[in-house]
Amino acid sequence: MYTGIQHLHSFLTYLVILGLALSIIAALVGHFSGKPFTDRDRKLALTGLIPAHLQWMVGLLLYFFSPMGFSSLSGQAMSNSLLRLYTVEHPVMMILAVVLITIGFARAKRLDDSKKQFLNIWVFYLIGLVFILSRIPWAAWP
Ligand code: HEM
């Protein structure tokens, strides 16, 4: 069970990064070309949102199965940079990233101005992607 969830979490990371990169590029093109925000653009933004949502739920599950997750959370873990990354920094930054991505998508849905819709997508998604890339355990992935 643990290995299965770990592999799924590792694989989903590719989809998260690809989906966000695609959404950001499409929104940047839309923003600077001045074209209207259509349903196709909303669906493109979903390619960034959906894998990120799936990933944080799988991550939360993994947190309770992994020996480097909840079971390692202690005061002592805070003085070990690798354990601190897995038990605190990684989960917190990833959840913050997904919250930002969700805010960007929700704001774009509510707005009427196409330029602002594209802007909200690429700015929030880009900050989310930076948060994600900053706390991926690069020593273990890919
Ligand atoms: C967009 C969100 C996330 C991304 C892109 C992401 C990405 C990753 C990556 C690439 C790894 C290393 C996988 C490997 O060793 O092959 C990892 C490990 C881990 N992640 Fe995440 N993660 C995300 C969210 C979360 C969340 C929200 C939690 C917990 C609440 C979490 C908990 C963990 C744990 C405990 C591990 C260590 C697993 C182990 O090897 O035992 N992740 N994550």
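These values consider heavy atoms only, across backbone and side chains, with no hydrogens, waters or symmetry-generated copies. One-based numbering, in listed order, for ligands and for the atoms of each.
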Checklist line | Atom OH of Tyr2 with >12 non-hydrogen neighbours under 6.0 angstrom | finding: yes
Notebook entry, point to check: Above 12 or not: heavy atoms from other molecules or residues under 6.0 Å from CG of Asp112?
Noted result: no
Check: Mind checking who shares a hydrophobic cluster with Leu18, ILVMFWY linked at side-chain heavy-atom distances under 4.5 Å?
Finding: none
Need the ligand 1 atom indices (1-based, order shown) with element for anything under 4.0 Å from a heavy-atom of [X].
X     : value
Tyr2  : 39 (C), 40 (O), 41 (O)
Met68 : 39 (C), 40 (O), 41 (O)
Ser10 : 16 (O)

Notebook entry, point to check: Which word best sums up how the rings of Trp122 and Phe32 line up, parallel for under 30°, tilted for 30 to 60°, or perpendicular for over 60°?
Noted result: tilted
Note to self: Going by the rule side chain to side chain contact (heavy atoms under 4.5 Å, CB included), which residues pair with Thr47 if we only count those two or more places apart in sequence or in a different chain?
What the structure shows: Leu22, Ser23
Checklist line | Under the side chain to side chain contact (heavy atoms under 4.5 Å, CB included) test, residues paired with Ser74 that sit two or more places apart | finding: Gln76, Ala77
Next item on the list: Can you list, by chain and residue number, the protein N, O or S atoms under 2.8 Å from atom 21 (Fe) of ligand 1?
Entry: His9 NE2, His90 NE2
Next item on the list: Examine Gln6 against ligand 1 and note whether any of their N/O atoms are separated by less than 3.5 Å.
Entry: yes
Check: Are a donor atom and an acceptor atom from the side chains of Trp141 and Thr13 found within less than 3.5 Å of each other?
Finding: no
Next item on the list: Among all protein heavy atoms, pick out the one at the shortest distance from atom 14 (C) of ligand 1; state its residue, atom name and that distance to 0.1 Å.
Entry: Ala140 O, 4.0 Å
Checklist line | Main-chain N/O of Gln117 paired with Asn120 side-chain donor or acceptor, under 3.5 Å | finding: no
Next item on the list: Closest by any non-hydrogen atom to atom 27 (C) of ligand 1: pick that one out of Val98, Ile132, Ile95, Leu96.
Entry: Ile95
Next item on the list: Mind running side chain to side chain donor-acceptor pair (under 3.5 Å) on His53 and Thr102 for me, showing each step along the way?
Entry: CA-CA 9 Å; His53 271 230; Thr102 311; 2.9 Å; yes
